[in-house]
Amino acid sequence: MDRHSSDEDDDRQTLIHQNDTKHLPRQIPTSPRASTAPRSGFHIEELESQIRRRFKLTFNKRYLFAIFLPLLLIPIFLSTDIRSLFSSNISSLKFNKVSDQLKESQLQALYLLNQQLTSLLSLWNHTFVNSNFNVSAVQFDDIKASLLNQITLNKHIQQTLLSPHKTGNTLQNATVLDPAYAGYSFDRCRKVDLKFSERRTIEWKPKPNKFLFAICLSGQMSNHLICLEKHMFFAAVLNRALVIPSSKFDYQYNRVLDTEHINDCVGKKAVIPFEDFMEMKKNHAHIDRFICYFSSPQPCYVDEEHLKKLRSLGISMGKLESAWKNEDIKKPSQKRIKDLEEKFALDDDVIAIGDVFFAEMERDWVTQPGGPIAHKCKTLIEPSKLILLTAQRFIQTFLGSNFIALHFRRHGFLKFCNAKKPSCFYPIPQAADCITRMVERANTPIIYLSTDAAESETGLLQSMVVLNGKTIPLVKRPPRNSAEKWDALLYRHGIEDDPQVEAMLDKTICAMASVFIGAPGSTFTEDILRLRKDWGTASLCDEYLCQGEGPNFIAGEE
């Protein structure tokens, strides 16, 4: 028992020793006899034991691997499209081939576009640089714009083709010529050079105690402003100060005009408000001669009711008289300065001339930029400072510097226009088409709409003014909102609800637009065109709505 126990202990020590030979120093036996034979037999048994254990372990691992491998492969096989594993490389090869062909086509298209661009630029240089065509300025600009549009389109196509090849913010191996930076752009709707300094003028030198009483009764405010401008020319020719009518007889001009502005521009006391005139005359004035410019259909365009209003203001007068017997407002004859001097150059202190809105005299002189009278300002009749600042604040708030202004008159305009040949009343779709063409031509993003049209009409118009899939906004002055401050000046001075102030505000905004589209036959439009001409804001693209074409449908007569 002891021997057996001793042998088992020796076996354990030997096994431990052999397993740790890498870590422990080998012991040298002290007795050769005691160590040789037993160790030899033990090594054989030990080797056999190790082989059996290792074989058993290896067999167990291989057996388990052989059993579980099919179980692992079955779900993978069922969830995977084996064909796709083999076809993916083939598809990738096909895609790469198509992609290469696409790139080659893009490069070929770029080459052709670049050749086209070179030809277009060459045509531009040889055709438009230092050339003189026998066409109007507008036609010449239309030709230039059409060619430039093709150059720009070419550039955009090249940029689109090159966009897949961008690396960061640069294009690989490509250069696109930008006409705007190569000297090939121009402002198609540029301002008109009206040669203001070359205008023909007359000095306004009022004689002491010589007055001209303005009579303007035809139509609405725009007509009256045009009439007032002509009266100023009469006063300058006749060397008289002009008396602005009372608001009880005419419009309240001091709300929309600044009379002191006129005097400052002329450098003399040339314009006198009615109240100041009556104060000079101690509240009783007499019109020495009341002369009618037109005799038909009614002398002076004045009825008995207006004469009663004048008398109620402390004005006395003699009998109405006509300057010419057969002067008809429907067919006014052309007059010269000598004609005016012959009929109106009188010695009387106070004379009245009425109504001169339809008068035709020295047309080229009267209608020139800045008017016919010598002065140091851009124009004599312009909106008051309050209205001017309010218009500027509205533009800064809603429109910006680049906008089209559209005067779209509709109320009462259908019958008025249809009485003309051709008619000037256009169906909404046709008007929208004309407006859209102007938007494209002027390259403006927004339109200011001055109109008396109903919402049903403006709503339809808005829905149809579309360019390149984008609706062009039509902006009208919004209702009063205390959160908005652009119109604060009008409220502060108590003139916010005056219809004449609102009309003048509309005119002022339109006069500041990049491009203006007017209503043919409207004096509101004509006064805007006058302001634009005088202020130097008139554009080559300014025109009447659908200018050059008639309505595509006209209703019958009553």
Side-chain angles (χ1 to χ4, degrees), residues 189-191 221-222 256 382-383 386-411 413 426 428 431-455 457-467 470-481 484-487 489-490 496 499-520 522-547:
C189 294
R190 60 189 178 276
K191 302 304 177 189
M221 173 63 91
S222 296
V256 296
E382 69 176 19
L386 290 178
I387 294 176
L388 187 61
L389 285 173
T390 302
Q392 291 172 345
R393 291 180 177 184
F394 179 86
I395 293 171
Q396 183 177 0
T397 303
F398 294 100
L399 302 172
S401 61
N402 186 24
F403 68 98
I404 290 176
L406 168 65
H407 177 216
F408 192 58
R409 182 177 173 183
R410 304 294 278 184
H411 180 70
F413 217 44
Y426 296 89
I428 295 291
D433 186 53
C434 296
I435 295 165
T436 302
R437 291 200 302 268
M438 180 57 75
V439 170
E440 183 177 22
R441 181 180 177 188
N443 191 28
T444 50
I446 195 168
I447 298 172
Y448 176 67
L449 179 61
S450 173
T451 186
D452 56 3
E455 288 295 329
E457 293 186 69
T458 57
L460 178 60
L461 182 67
Q462 172 64 92
S463 68
M464 300 188 74
V465 181
V466 180
L467 181 62
K470 179 182 178 182
T471 300
I472 307 300
L474 304 179
V475 179
K476 295 190 291 184
R477 283 185 297 106
R480 169 66 176 165
N481 187 335
E484 297 173 358
K485 301 302 180 184
W486 64 269
D487 55 352
L489 287 174
L490 302 184
E496 70 282 359
Q500 302 310 321
V501 172
E502 292 182 349
M504 184 60 81
L505 179 57
D506 259 11
K507 283 184 182 180
T508 309
I509 295 170
C510 290
M512 294 180 176
S514 305
V515 173
F516 175 63
I517 303 173
S522 167
T523 54
F524 189 92
T525 282
E526 295 305 316
D527 203 34
I528 293 171
L529 292 172
R530 176 192 65 82
L531 274 176
R532 290 178 63 80
K533 177 179 59 181
D534 293 352
W535 281 350
T537 57
S539 161
L540 284 174
C541 293
D542 289 357
E543 64 181 27
Y544 299 111
L545 179 64
C546 295
Q547 184 169 317

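As the structure is a prediction and not an experimental result, all values here were calculated from the model.
Screening residues 504-518 for salt bridge (charged side-chain N to carboxylate O under 4.0 Å, His left out) gives R477-D506, K507-D527 as the qualifying pairs, with residues at least two apart or on separate chains.
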Test salt bridge (Lys or Arg N to Asp or Glu O under 4.0 Å) on E455 and K476; report intermediate values, then the result.
CA-CA 11 Å; E455 288 295 329; K476 295 190 291 184; 2.8 Å; yes
Kindly determine whether E526 and S222 satisfy side-chain contact (heavy atoms from CB on, under 4.5 Å), including the steps that lead there.
CA-CA 8 Å; E526 295 305 316; S222 296; over 6 Å; no
Could you go through L474 and T458, starting from their C-alpha distance and side-chain angles, then the distance that decides it, and tell me whether this counts as side-chain contact (heavy atoms from CB on, under 4.5 Å)?
CA-CA 9 Å; L474 304 179; T458 57; 6.0 Å; no
Output, in order, the C-alpha distance, side-chain angles, deciding distance and verdict of side-chain contact (heavy atoms from CB on, under 4.5 Å) for I435 and L461.
CA-CA 10 Å; I435 295 165; L461 182 67; 3.9 Å; yes
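Taking CE of M504 as the start and CE of M221 as the end, the distance is 6.0 Å to the nearest 0.5 Å. Interatomic distance, CG of N481 versus CH2 of W486, reported as 10.5 Å (0.5 Å rounding). Put simply, OG on S539 and CZ on R190 are 9.0 Å apart, with the number rounded to the nearest 0.5 Å.
In this structure a side-chain-to-backbone donor-acceptor pair under 3.5 Å is present from R532 to C510. Side chain of T508 to main chain of L388: no donor-acceptor pair is present (N/O by atom type, distance under 3.5 Å, no hydrogens or angles). A donor-acceptor distance shorter than 3.5 angstrom exists from the side chain of Q462 to the backbone of I472, with no hydrogens or angles considered.
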Please tabulate, for side-chain N and O atoms in residues 399-409, each donor-acceptor pair with protein atoms closer than 3.5 Å (sequence neighbours left out).
| from | atom 1 | to | atom 2 | distance (Å) |
| --- | --- | --- | --- | --- |
| N402 | OD1 | S514 | OG | 3.3 |
| N402 | ND2 | N443 | O | 3.1 |
| H407 | ND1 | T525 | OG1 | 2.6 |

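V515 places a side-chain heavy atom less than 4.5 Å from the side chain of D542. A heavy-atom distance below 4.5 Å is not found between the side chains of I447 and I517. Residues C434 and Y544 form no side-chain contact, since every pair of their non-hydrogen atoms from C-beta on lies 4.5 Å or further apart.
In Q392, the CD atom is crowded: over 12 heavy atoms of neighbouring residues, nucleotides or ligands sit closer than 6.0 Å.
In terms of the side chain to side chain contact (heavy atoms under 4.5 Å, CB included) criterion, residue partners of L460 (sequence neighbours excluded) are, by chain and number, I428, S463, M464.
In terms of heavy-atom proximity, L386 sits nearest to T390 at O-OG1, 2.8 Å.
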